[in-house]
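Hydrogens, waters and symmetry mates play no part in the numbers below; they use all other heavy atoms, side chains included. One is the number of the first residue; the rest follow in order along the sequence. Counting starts at 1 for both ligands and their atoms, in listed order.
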Amino acid sequence: MAWLYALMIDPAASDDVRTTFADTFTAVDPSAPALSVGELSTQRGDGIFESIGVVDGHPQEVEAHLERLAHSARLCDLPAPHLPQWRAAIAAVAAHCGAGESVIKLILSRGVEHGPTPTAWVTAAPAADFARVRAEGVRIVTLDRGLDSRAAIRAPWLLLGAKTLSYAVNMAAIREAKRQGADDAIFVSSDGIVLEAPTASVILRIGGTYVTPAPTGSILHGTTQLSAFEWLEAQGLATEYREVPASDLLRADAAWLLSSVRLAAPITAIDGTALPVDPDFTGRLNAYLLSPRD
Ligand code: PLP
């Protein structure tokens, strides 16, 4: 991996009144070891993160990502991130991203076992080339998440609405999708409600309305989906958050997986049944997602 830059952050308390934070950042060699073996992020996946798309050095939707980082911290009982400090760290790292697409990751871990503070760091790396998947799309299979659509209410400790570092299940779902001859997956609740992909949100176009599963705590609220809805609404197109039964998937006349770095990948097939694609619309959506967004 050709890393671009990495900063360790000495996290400020949420009531810290400083306005400059440069002395709380330490640039580290991104290819050298930097974490203690006692880190709870590596031992237990106990922490949260964000992946921010960067286009020609411009980090996209920083405020939406920071808001979600703060939301994830609340759900995980982590200290509230000091947002001006994280904003400054993102700007410092973005300065090392050149032309083209990159990805900045923010990581806030519970820290070292019995240690005094969380551990925090920010990295930048070149993004993979997603031009082909944006144009040619993904075949998906639906996978049962094994939880019903009310699980998040009954069992908030499942942290389904937080972007935690515990992604082993999400990665296993993508491997299962590939075993089944597809490229990616959509999780469905055990009572048949569409949730999200392992690393992306789902948008369906049904009867002229752009529909996405309501972020009721069972899924992560995608920053890219939010931004796409703003763009759609600005054009007078209808958008809707609602409970989406799995039977609606094949009623769509187009559908996409959306995420911060891959952006909009059109869905070409669901469980082996072809889905119509709209290359012109998908091209315009991705052109918007690649334009500077705040
Ligand atoms: N849902 C899950 C589970 C994800 O991991 C992601 C992104 O990584 C998303 C949705 C999409 O979020 P965003 O658009 O903010 O990248």
Look at ligand 1 and say whether Pro198 reaches it with a heavy atom at a distance under 4.0 Å.
yes
Hey, is ligand 1 close enough to Ser201 that some N/O pair sits below 3.5 Å?
no
Under a 3.5 Å threshold, yes or no: a donor from one side chain and an acceptor from the other, between Gln180 and Glu176?
yes
Which of the numbered atoms in ligand 1 are below 4.0 angstrom from a heavy atom of Leu258?
11 (C)
Within-cut-off N or O pair, Asn170 and ligand 1, under 3.5 Å
no
Only distances under 3.5 Å count here; give the side-chain donor-acceptor pairs of residues 191-199 to other protein atoms, sequence neighbours excluded, each with its distance to 0.1 Å.
residue, atom, partner, partner atom, Å
Asp191, OD1, Ser149, N, 2.9
Asp191, OD1, Ser149, OG, 3.3
Asp191, OD1, Ser189, OG, 2.6
Asp191, OD2, Ser149, OG, 2.7
Glu196, OE1, Leu220, N, 3.0
Glu196, OE2, Arg145, NH1, 3.2
Glu196, OE2, Arg145, NH2, 2.9

Name the orientation class of the two ring planes belonging to Phe49 and Tyr167 (parallel below 30°, tilted from 30 to 60°, perpendicular beyond 60°).
perpendicular
With Tyr210 as reference, evaluate Trp231, Phe281, Tyr241, Phe229 under the ring-ring contact (aromatic ring centres under 6.0 Å, His included) test and give the passing residue.
Phe281
Quick one: does ligand 1 sit under 4.0 Å from the side chain of Ala64, the backbone, both or neither, non-hydrogen atoms only?
neither
Side chains of Asp183 and Arg139: closer than 4.5 Å at any heavy-atom pair?
yes
What is the nearest protein non-hydrogen atom to atom 16 (O) of ligand 1, stated with its residue, atom name and distance?
Ser260 OG, 2.7 Å
Can you tell me if Lys163 has a non-hydrogen atom under 4.0 Å from ligand 1?
yes
With distance as the sole criterion, is a donor-acceptor pair present between the side chains of Glu230 and Tyr288 under 3.5 Å?
no
Do ligand 1 and His221 have nitrogen or oxygen atoms that lie under 3.5 Å from each other?
no
What heavy-atom pair brings Ser227 and Glu61 nearest, and what distance separates the two atoms?
OG-OE2, 2.9 Å
Based purely on interatomic distance, does Ser51 place a nitrogen or oxygen under 3.5 Å from a nitrogen or oxygen of ligand 1?
no
Within less than 4.0 angstrom of ligand 1, does Glu61 place any heavy atom?
no
Using heavy-atom distances only, which candidate in Ala197, Ala200, Ala228, Ser259 approaches atom 9 (C) of ligand 1 most closely?
Ala200
Purely on distance, is any nitrogen or oxygen of Gln225 under 3.5 Å from one on ligand 1?
no
